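Have a look at the structure below, then the notes.
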Amino acid sequence: MTLERLDGSPPVKPQRWWRRMLPGWPMRDRAPLWAWGSVALSLLSFTFSLLGFNLTAIAFAASIAASLVVISLTLTARKKAHTELERSEQRYRHLFSRMPIAFHQLDASRLVVLFRKLRREGVEDLGPYFDSHPEFLRTCMDALSFQEANERAVQMFGGGVSGYVGPSMAETWKERPDTFRRAMESRYGGETNFEEETQMVTWDGRVVDVLFTTARVGPINDLEISLVGTIDISQRVRAQQKLQQVRAEFAHAARVSMLGELTASIAHEVNQPLAAIATSGAAGLRWLNRPTPDIVEIRKTIENIVVDAQRAANIVARVHGMASRKAPEQASLSFDEIIREALLFLRHEMESRSVSILHQPDPSAPQVLGDRTQLQQVIVNLAINAVQALTQAGYGDRRIVISTITQDAATLCCSVEDNGPGIAAEHLDRLFESFFTTKDNGMGMGLPICRSIVEAHGGRIGAEGHGANGGARFWFTLPLSPGSSRTHQADRDALV
């Protein structure tokens, strides 16, 4: 039987009377009710038979049988549910013990008590509280204790399975307490997961590089049990360090090679202050050899000698810096000042090849965070590439424009553009490949080294075949130094 709707919508079947009587009850929850109902009916039938009512033995037996059947089904369902629960628990135990990831189960009950107390006191953000109560970080470490560890954790950290029951996490985080602090702030903020690459201390005192992850698997409001996973990434970290070392050696070799190409320019730059020193010294001797020495002129001459000697020393220091094999040093730098220093290496080279360079600085550009020598190498490499392209093409009018601009609140962009023949479209995608070159005697290492330096500084590098001046345009970005809002020149002006 179906009922037609007045609005023409599809007909619906009427619910059975027992479903209407028990709305919202799933069948597995109704079984006990039916069982007890059947038992009650059986007892009622038996009572009526004793009182002389005309109830047949068949009806009484049927009610008893129905009761037994329903009770049997209920017990079977409960046994099946219990078996599934045991299987689920067994699967969890197998995963915990046999996964090739170091798992620790932590007891966070005492930490939950501490956090509840802070919330009652009105603490909403744990970060400022750590700043004003630095000792609370150690308190949190002591409040977390190990409950259990799997086989992989014992292999990585040592200590034996039984050794993980009870100790706090204080010793484990003594090398990187900053990671533990961020994990606690994540927990206090209600996040159920946290992940970070960090270092942890093993039970025998070794420091291992790990990917640390947490999952809070307790009650949703308390999270009294935490599951911690650690993956040993020591080999990957060592490989990255080795790769950085190889890149640094390549960059050093490229700088030495570049200095060899600029020997004439360097010699010219050094000879200028040396020649001035010789001239000033000869003039000073003449002033001294007069019957009445002119002390004022002699003083001026000596001052000139000092200035020129400092110029020569600065040139030698820059050459030494480019040639030395030292580790990169991160510092806040004015990038336009780096460009000016780099162009000092190239001044004689540009003059001898009749190339003019225009530097367009951004007066308001904040400072960048980087290594001075490496960033100078990028500018010198790109400028030399432009000079060689202009010379190889035989252009008479040779111009290079180097400009900087603040791209956004966190990024500085520098471009090196020439008015040469540009770059063919089929070569653009391969410019930064190792050993690829379009020059007659090139090695194909300059641009890949520029890319590795820029990317190591957190920036990007790219090229355009034809820029605004018709020739090739290379550009790269660098992140601004945190907290920097003024250029080095602006800082100097503020001191005047």
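Positions are given from 1 along the sequence. Keep in mind that what you see is a predicted model, and the values were worked out from it rather than measured. Below, all heavy atoms of this structure are taken into account, side chains as well, without hydrogens, waters or symmetry copies.
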Flag yes if more than 12 heavy atoms outside Gln235 fall under 6.0 Å of its CD atom; otherwise flag no.
no
Give me the atom names and distance for the closest heavy-atom approach of Asp232 to Ser234.
OD1-OG, 2.7 Å
Would Gln147 and Leu106 satisfy side-chain contact (heavy atoms from CB on, under 4.5 Å), going step by step from the backbone distance to the final call?
CA-CA 5 Å; Gln147 275 189 335; Leu106 305 178; over 6 Å; no
Stepwise, does the side-chain contact (heavy atoms from CB on, under 4.5 Å) test hold for Met141 with Met184?
CA-CA 9 Å; Met141 292 181 184; Met184 291 299 96; over 6 Å; no
Between CZ of Arg236 and CG of Leu211, what distance do you get to the nearest 0.5 Å?
7.5 Å
Glu417 with Arg399: basic N within carboxylate O range, under 4.0 Å
no
4.5 Å side-chain heavy-atom contact, Ser280 and Lys300
no
Taking every heavy atom of Phe157 against every heavy atom of Thr202, the minimum-distance pair comes out as O-CB, 3.6 Å
Rounded to the nearest 0.5 angstrom, the CD1-CG distance for Ile400 and Asp418 is 6.5 Å
Look at atom CD of Glu426 and say whether more than 12 heavy atoms of other residues, nucleotides or ligands are closer to it than 6.0 Å.
yes
Separation between CE (Met350) and CZ (Arg398), nearest 0.5 Å, reads 11.5 Å
For the pair Glu433 and Arg430, find out whether any cationic side-chain nitrogen is under 4.0 Å from an anionic carboxylate oxygen.
yes
In short, Asp142 meets Arg110 closest at the heavy-atom pair O-NH2, 2.9 Å
Taking C-beta and beyond as the side chain, do Leu382 and Leu447 meet within less than 4.5 Å on heavy atoms?
yes
Can you check whether Pro361 reaches His359 side chain to side chain, under 4.5 Å on heavy atoms?
yes
Take the angle between the ring planes of Phe180 and Trp173 and call it parallel below 30°, perpendicular above 60°, tilted in between.
tilted
Output yes when Lys174 and Glu171 qualify as a salt bridge under the 4.0 Å nitrogen-oxygen rule, no when they do not.
yes
Which distance, rounded to the nearest 0.5 Å, do you find between the CG of Leu227 and the OG1 of Thr213?
8.0 Å
Which class fits the ring pair Phe136 and Phe115: parallel under 30°, tilted 30 to 60°, perpendicular over 60°?
tilted
Starting at OG of Ser332, measure out to CD of Gln367 and round the result to the nearest 0.5 Å.
5.5 Å
Does Ile379 reach the side chain of Cys414, with side-chain heavy atoms less than 4.5 Å apart?
yes
Does this structure show an ion pair linking Arg181 with Glu185, if we count only N-O contacts that are shorter than 4.0 Å?
yes
Would you give the length of the straight line joining atom CD1 of Ile461 to atom CH2 of Trp475, rounded to the nearest 0.5 angstrom?
8.5 Å
Regarding Thr301 and Asn304, is there a side-chain donor-to-acceptor distance under 3.5 Å anywhere?
no
Taking atom CZ as the centre, does Arg460 end up with more than 12 heavy-atom neighbours from other residues, nucleotides or ligands that are less than 6.0 angstrom away?
no
Heavy-atom distance under 4.5 Å between the side chains of Glu337 and Arg340, does that happen here?
yes
For a quick test of reading the model, state the closest non-hydrogen atom pair linking Pro293 to Pro291 and the distance between them.
CD-O, 3.6 Å
Identified side chain to side chain contact (heavy atoms under 4.5 Å, CB included) partner of His457 from the options Val368, Leu375, Leu369:
Leu375
Which pair of heavy atoms, one from Arg372 and one from Leu333, lies closest together, and at what distance?
NH2-CD2, 3.3 Å
Validation row, ring centre Phe194 to ring centre Tyr188 under 6.0 Å
no
Would Val416 and Arg473 count as a side-chain contact (heavy atoms from CB on, under 4.5 Å) if you check the C-alpha gap in whole Å, the side-chain angles of each, and the deciding distance to 0.1 Å?
CA-CA 6 Å; Val416 179; Arg473 178 179 178 269; over 6 Å; no
NZ/NE/NH1/NH2 to OD/OE distance under 4.0 Å, Glu196 and Arg182:
yes
Geometric class of the Phe335/Phe476 ring pair [parallel <30°, tilted 30-60°, perpendicular >60°]
perpendicular
Does a donor on one side chain and an acceptor on the other come within less than 3.5 Å for Gln105 and Glu148?
no
Evaluate Arg206 against Glu175 for salt bridge (charged side-chain N to carboxylate O under 4.0 Å, His left out), listing each step before the verdict.
CA-CA 10 Å; Arg206 293 177 293 109; Glu175 195 72 21; over 6 Å; no
Go through Val378 and Phe474 one step at a time and tell me if the side-chain contact (heavy atoms from CB on, under 4.5 Å) criterion holds.
CA-CA 11 Å; Val378 173; Phe474 288 87; over 6 Å; no
Please report the closest heavy-atom contact between Ile101 and Asn150, naming both atoms and the distance.
O-ND2, 2.8 Å
Less than 4.5 Å apart, any side-chain heavy atom of Ile405 and any of Gln360?
no
Asp294 and Arg290 ion-paired at < 4.0 Å
no
Look at the side chain of His133 and the backbone N and O of Tyr129, then say whether any donor-acceptor pair between them is shorter than 3.5 Å.
yes
Between Thr411 (side chain only) and Asp408 (backbone N and O only), is there a donor and an acceptor less than 3.5 Å apart?
no
Got Leu390 and Asn419 here, is their nearest side-chain heavy-atom distance under 4.5 Å?
yes
Under 3.5 Å, is there a donor-acceptor pair between the Thr404 and Asp362 side chains?
no
Hey, does Ile453 have a side-chain heavy atom less than 4.5 Å from the side chain of Gln377?
yes
